[in-house]
Amino acid sequence: MLAELPRVLAQLPDRRFIAVFLKSVALTLFILGGVWYGFDSWLSGSSAPPMPLWMQRYWADAADWAALPVVIIAGWFLFPGIATGVMGLFLDDVVDAVEDRHYPHAMAHRRVPMAKAGLLALASALRVVLWNVALAPFYVLLLFTAVGPLILFTAVNGWLMGRDLLEMVAIRHMPRAEASALIASNRALRLRLGLTAAPLFLVPVLNLFAPIIAAALAAHAFQIIGKR
């Protein structure tokens with residue numbers, strides 16, 4: 001999949017990519033903003049711990065500042081799941097752009113209804129988010145190894161995202177049962193796709209483009225299977 005990365009990066013200026021990028025980033029940031037607001041409201045509304053009376057008046061302000069770093073750290077690790085789920089809503093445009101430019105004779109002939117795409121996107125986002133939340137203690141323990149959290153992040157999210165992204169592309173070419181069978185028979189390619197895409201979410205600035213790059217890589221991955 002690394003061989004396909006330069007082709008994806010070269011296509012980033014495509015107006016269809018730009019349109020999807022703006023929509024997906026805006027929606028992802030809106031969701032993360034909602035998470036911050038909810039967590040901040042919960043902290044502000046909770047009872048202040050035992051403390052001197054003169055300090056209690058600062059509890060709400062302290063809660064605001066406490067919520068911000070927690071959400072930033074959590075958002076860093078949950079961003080791949082949320083962004084991948086959001087990308088699922090706009091994947092048709094990405095797949096069309098990639099196939100129109102590189103595979104004009106193998107264009108997707110199925111359009112996934114918005115409701116079905118939304119359910120698949122939600123399932124993907126929840127799966128990635130729940131796995132990362134469940135592994136949070138291990139991320140904390142591995143902080144002492146410096147690179148441990150990055151390796152765990154790449155392995156877990158690469159495994160999850162590779163399958164979900166490939167499925168989102170495949171169902172635009174064939175029924176879901178056939179798509180699942182196809183993905184199951186190409187586990188190595190699926191893993192390479194995920195391990196190429198997941199590290200992109202760790203690089204500042206580049207992580208904003210990571211969802212669309214990952215989706216475009218998935219479109220190329222499906223065509224690689226087709227050539228076989």
Side-chain angles (χ1 to χ4, degrees), residues 1-37 39-40 65 67-91 93-95 97-98 101-102 121 124-125 128-129 131-133 135-136 139-140 142-143 145-162 164-166 168-169 191-221:
M1 292 311 303
L2 285 174
E4 303 298 332
L5 193 54
R7 293 208 289 174
V8 172
L9 296 177
Q11 196 175 354
L12 282 180
D14 188 307
R15 58 181 179 79
R16 290 169 291 187
F17 274 28
I18 294 173
V20 172
F21 167 76
L22 293 175
K23 290 185 290 187
S24 61
V25 168
L27 184 53
T28 300
L29 294 178
F30 176 79
I31 293 172
L32 289 174
V35 172
W36 172 80
Y37 179 79
F39 187 61
D40 177 57
W65 286 105
L68 188 58
V70 171
V71 171
I72 289 175
I73 294 171
W76 185 272
F77 287 99
L78 300 183
F79 181 76
I82 296 172
T84 302
V86 169
M87 179 54 63
L89 298 176
F90 309 114
L91 200 65
D93 293 335
V94 176
V95 174
V98 171
R101 179 168 179 173
H102 300 285
S124 172
V128 176
V129 167
W131 268 97
N132 280 279
V133 169
L135 292 171
Y139 282 122
V140 174
L142 289 172
L143 282 174
T145 66
V147 298
L150 304 182
I151 295 174
L152 179 60
F153 177 94
T154 300
V156 172
N157 289 283
W159 172 58
L160 293 169
M161 286 168 39
D164 288 347
L165 287 167
L166 197 53
M168 289 179 187
V169 174
L191 186 59
R192 289 201 301 273
L193 168 63
L195 293 179
T196 303
L200 302 176
F201 289 87
L202 292 171
V203 183
V205 181
L206 182 61
N207 60 1
L208 296 175
F209 299 90
I212 197 168
I213 295 174
L217 283 172
H220 283 288

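Just so we're clear, the structure is a prediction, and the values are computed from it rather than from any experiment.
- The shortest distance between side-chain heavy atoms of L195 and T154 falls below 4.5 Å.
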Check the pair L165, L217 against side chain to side chain contact (heavy atoms under 4.5 Å, CB included), reporting the backbone distance first and the verdict last. CA-CA 9 Å; L165 287 167; L217 283 172; over 6 Å; no
When you look at D93 and K23, which way does the side chain to side chain contact (heavy atoms under 4.5 Å, CB included) test go after all the steps? CA-CA 12 Å; D93 293 335; K23 290 185 290 187; 3.8 Å; yes
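- Side chains of F21 and I213 form no contact here, defined as non-hydrogen atoms less than 4.5 Å apart.
- The two residues L206 and L200 come nearest to each other via the heavy atoms CD2-CD2, 3.8 Å.
- The nearest pair of heavy atoms linking M161 to A197 is CE-CB, 4.1 Å.
- Between the OH atom of Y139 and the CG atom of N132 there is a distance of 4.0 Å, given to the nearest 0.5 Å.
- Here the CZ-CD distance, from R101 to Q11, works out to 5.0 Å after rounding to the nearest 0.5 Å.
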How far apart are the C-alpha atoms of L135 and F153, what are their side-chain angles, what is the distance that settles it, and do they pass the side chain to side chain contact (heavy atoms under 4.5 Å, CB included) test? CA-CA 9 Å; L135 292 171; F153 177 94; over 6 Å; no
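- Closest non-hydrogen pair, P149 versus T145, comes out as CD-OG1, 4.1 Å.
- Annotation for A218 and L193: closest pair N-CD1, 3.7 Å, computed over non-hydrogen atoms.
- In this structure, CH2 on W159 lies 10.0 Å from CG on D164, to the nearest 0.5 angstrom.
- In terms of heavy-atom proximity, A121 sits nearest to M168 at CA-CE, 4.0 Å.
- With rounding to the nearest 0.5 Å, the separation of CZ in F201 from CG in L208 is 10.5 Å.
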Evaluate the side chain to side chain contact (heavy atoms under 4.5 Å, CB included) criterion for residues L89 and L27: first the C-alpha distance (whole Å), next the side-chain angles of each, then the deciding distance (0.1 Å), finally the verdict. CA-CA 10 Å; L89 298 176; L27 184 53; 4.0 Å; yes
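- In terms of heavy atoms, W131 sits closest to V156 at CB-CG1, 4.3 Å.
- Considering V169, V8, I212 as possible partners of V94, the one that fulfils the side-chain contact (heavy atoms from CB on, under 4.5 Å) test is I212.
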